[in-house]
Amino acid sequence: MKNAAAAVKTSLLNQSDTRTIANFYAVQLQLLCREKKYASSAFALVRSIHGNMITSGFRPRSHILNRLIDIYCKNSGLAYAKHLFDRIPQPDVVARTTIIAAYSASGDPKLAREVFNKTPLSIRDTVCYNAMITGYSHNNDGHAAIKLFLDMRWKSFQPDEYTYTSVLAALALIADHEMHCGQLHCAVVKSGMASVKCVVNALISVYVKCASSPIASSVVLMDSASKLFYEMSERDDLSWTTIITGYVKNDDLDAARKVFDGMDEKLLVAWNAMISGYVHKGFIFEALDMLRKMHSAGLKPDEFTCTSILSACADAGLFLLGKQVHAYVRRTEEEIHVSVHNALITLYWKCGRVDEARKVFDNLAFKDLVSWNAVLSAYVGAGRINEAKLFFDEMPEKNSLAWTVMISGFAQNGKGEEALKLFNQMRLHGIELCDYAFAGAITSCAVLAALETGCQLHAQLIQRGFDSSLSAGNALITFYGRSGVIEAARTVFLTMPCVDLVSWNALIAALGQHGYGAQAIELFEQMLNEHITPDRISFLTVISACSHAGLVERGRHYFNIMHSVYKINPGEDHYARLIDLLSRAGRLLEAKDVIQTMPTKPGAPMWEALLAGCRTHRNVDLGVEAAEKLFELTPQHDGTYILLANTFAAAGRWDDAAKVRKLMRDQGVKKEPGCSWIKVENTVHVFLVDDTAHPEIQAVYNYLEELRLKMRKMGYVPDTQYVLQDMEAEQKEYAISTHSEKLAVVFGLLKLPRGATIRVFKNLRICGDCHNAIKFMSKVEASEIIVRDGNRFHHFRDGECSCGNYW
DNA sequence: ATAGGGTTAG
């Protein structure tokens, strides 16, 4: 860019040097055209040249106009290009082809097709067809591209090597196994193009892309690609890079390296491909080693190299190294490419400097969509969800990724309703839904425990063919797991074409959370047998599975091997799980011992786990000790009061329990929302309060308010579990939580009269509750349970389940 | 005027 820009600038100053004005403009534009690299200054230069034309009253002829349109298209001036094009009375095929390519590049093949359709057959040519076919394949519509290719043949236009390369690219979008590739290969041979270099390159590229399909055997396909490569009589730069990147993309860095080492003159692109391969694999030091070797080979890192290295630094948390790369770029480059800036933004926020990331963004003269998305991810990644939403609303243009980041940001921060609302808006705006968007929406359903909505999304996912998506699959496992539909979670896991660590962790968690501790452990062991290395999340889930299943020794074992075998330092959360494991099993002194000997200062979660154990095992003294620590650490936390009061209540010390409640009120501690009330006669009504607008629920609300007032008069602070125990004494009214896990606990605690009916009125809630309902049916000795979800109901009687509609 | 390789946002 630099040279062309300088030349144009000089020629702008020396207008007198040029013979005719038209020639002068033509030269300027040609200079700009030569540099195809996209840069921020190019746009400003076209604007100024175009501006000069207008002010000097120059009326460009078609070839200059076409060139102007072309440059606008390539330098983010689509709107100007469109404006110019629309004012041409009878645009020639060159102008049309330019604008077709531009519309396609901007992601709008429909608009491109309109122009294409309006192009009379008499002026259409092969190039015009090529542009449209490429447009389709760039927009992932392989079928449309092939259809147009057939149409072209039908209308007797002669395809050339450009046509073949484009059509092969389109076919690569659809082909996904050996058979397809073989057929294609035959077709190319039949077409007589099999000796044309660029067509062979495209064919190699098809093999490579096919190899990364989850259902193909990548080794076989890569072998075919490599055979083609070595059989070529003459290889160009592209042939080399295609095969190298092919190996890189198919996770065979050694093979890639072998080909790379065989290159006489190593191209910058090839170096970059190797470096990015190492970066993606997390081999940061190999990547840096390559950078050094490349440097000694006399090649200067370009923006591709730098962005790769910066992104490696961001992932590895190598902030200082990243800064050095930045300093290097600043020293050597006159104009820093926007992608380098974007990688820098990511470096900052991933190293915990969100505000600095924002500052980099604010100072950018030229921002693209990726820059905006990087800042959006920064806010989301830091959990600063409100700022993220404000930023999201400010965005001048949002692509599917921006929507997706925002949706999953809401979901991950517990704002399921906002997430689903946004997902619907995304639909209404006609933004193309990708698998990640579905993953975000399904995660919100997991958060909201909205089983029905989640199932609908699952159906739509299958309809759209996203069911092979890793991220969507993982979201589904988590969703079904949280909803208690373990079989569905398992089915998703088993039918996924490929799974990763997240999938394993999600299924282990699902099993562990719902009382299938032994199965969770079995799965964890199976994962180890398949040589998949567990991460810190895996240990969190497997230890808590042990905890729920009461498998203390097994849990301790996992805690120990985490560091001794897998070199993962246990974090606070792991200690909290270990203490929970011991406390639940009643080994309270051991738990206390762990707290006192752990390497860091024990935080609130450890003491809370101990206190919960004290409540269950009725150890008042130790409970009080733990509670005192908690009052110091988190004085305003309602959970401590509730747990302590329960500890007293469990030990039958009702007066002390009442004192704790009074203390809580005196300290001005507010209880968190999320629980509702039930009334027991012979029937238990469980009203879940998510949908307060529902008339039935509203009526109950009023009743509950009355109840609360009454209780306050009696000196109680109404709350979830300890009120339950108090009320139990009266055998009349119960408090209950809406949370499915707590609901299970409460069902377990209730001592209902034999033969009682439990009616669970639910809205927006889950079958997980049904699942718990069945599980605890024996405990509550109820003969039937009716779970209602809006108009639907599930009816359990004597272990049988039926469901239907209420009206 | 059209194709084809390397980068950055989840």
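Just so we're on the same page: letters track the sequence lines, and every chain starts at 1.
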Any side-chain N or O of [X] less than 4.0 Å from the OP1 or OP2 oxygen of [N]?
X: A:H280; N: B:dG6; answer: no
X: A:R67; N: B:dA1; answer: yes
X: A:H138; N: B:dG4; answer: yes
X: A:K197; N: B:dG4; answer: no
X: A:S276; N: B:dT7; answer: yes

For the side chain of [X], counting heavy atoms from C-beta on, which of [options] is nearest?
X: A:V370; options: B:dT8, B:dT2, B:dG10; answer: B:dT8
X: A:K209; options: B:dG5, B:dA1, B:dG6; answer: B:dG5
X: A:L401; options: B:dT2, B:dG6, B:dG10; answer: B:dG10
X: A:A374; options: B:dA9, B:dT8, B:dG6; answer: B:dA9
X: A:S166; options: B:dA3, B:dG10, B:dT8; answer: B:dA3
X: A:A131; options: B:dA3, B:dT2, B:dG6; answer: B:dT2
X: A:V269; options: B:dA9, B:dT2, B:dG5; answer: B:dG5

Spacing between [X] atom [atom1] and [N] atom [atom2], to the nearest angstrom:
X: A:F392; N: B:dG10; atom1: CZ; atom2: C1'; value: 14 Å
X: A:L268; N: B:dG6; atom1: CG; atom2: P; value: 13 Å
X: A:F391; N: B:dG10; atom1: CZ; atom2: P; value: 13 Å
X: A:L376; N: B:dA9; atom1: CG; atom2: C1'; value: 9 Å
X: A:M426; N: B:dG10; atom1: CE; atom2: C1'; value: 12 Å
X: A:Y129; N: B:dT2; atom1: OH; atom2: P; value: 18 Å
X: A:F149; N: B:dT2; atom1: CZ; atom2: C1'; value: 15 Å
X: A:Y164; N: B:dG4; atom1: OH; atom2: C1'; value: 17 Å

Taking any heavy-atom pair under 4.0 Å as a contact, classify [X]: base, sugar-phosphate, or nothing.
X: A:L267; answer: base
X: A:C434; answer: base
X: A:W403; answer: nothing
X: A:D125; answer: base
X: A:S377; answer: sugar-phosphate
X: A:K249; answer: sugar-phosphate

Exercise. Flag this pair as yes if the NZ/CZ of A:R124 is under 6.0 angstrom from the six-membered ring centre of A:F116 and inside a 45 degree cone about the axis; otherwise no.
Key: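 Positive - A:R124 is close enough to the ring of A:F116 and near enough to its axis.
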Residues in salt bridge (Lys or Arg N to Asp or Glu O under 4.0 Å) with [X], at least two apart?
X: A:E397; answer: none
X: A:D261; answer: A:R257
X: A:R353; answer: A:E356

Exercise. Please work out which residues in residues 232-243 of chain A have a non-hydrogen atom less than 4.0 Å from an atom of DNA chain B and list them by number.
Key: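 Only A:D236, A:D237, A:L238, A:T241 qualify.
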Does any donor-acceptor pair link the side chain of [X] with the base of [N] at a separation under 3.5 Å?
X: A:S339; N: B:dT8; answer: no
X: A:S308; N: B:dT7; answer: no
X: A:D302; N: B:dG6; answer: yes

Practice problem: Supply the atom-to-atom distance A:Y328 OH to A:C306 SG, rounded to the nearest 0.5 angstrom. | Solution: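 The distance works out to 6.5 Å.
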Quiz item: For the residue pair A:F391 and A:W372, does the interplanar ring angle fall in the parallel (under 30°), tilted (30 to 60°) or perpendicular (over 60°) class?
Solution: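 Ring orientation, 0 to 90° scale: tilted.
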Self-check item: Side-chain H-bond candidate by donor/acceptor type, A:D500 with A:S503, under 3.5 Å
Solution: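 Checked: A:D500/A:S503 side chains pair up, N/O donor to acceptor below 3.5 Å.
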Quiz item: Can you name the residues that form a side-chain hydrogen bond (donor to acceptor under 3.5 Å, both in side chains) with A:K350, not counting sequence neighbours?
Solution: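 Applying side-chain hydrogen bond (donor to acceptor under 3.5 Å, both in side chains) to A:K350 gives A:D315.
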Self-check item: A:F304 over B:dG6, stacked by centroid distance under 5.5 Å, angle under 30°
Solution: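 So yes, this residue stacks on that base, both cut-offs being met.
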Solution key, residues 433-443 of chain A side-chain donor-acceptor pairs under 3.5 Å, sequence neighbours excluded:
{"residue": "A:D435", "atom": "OD2", "partner": "A:S469", "partner atom": "OG", "Å": "2.7"}
{"residue": "A:T443", "atom": "OG1", "partner": "A:A439", "partner atom": "O", "Å": "2.7"}

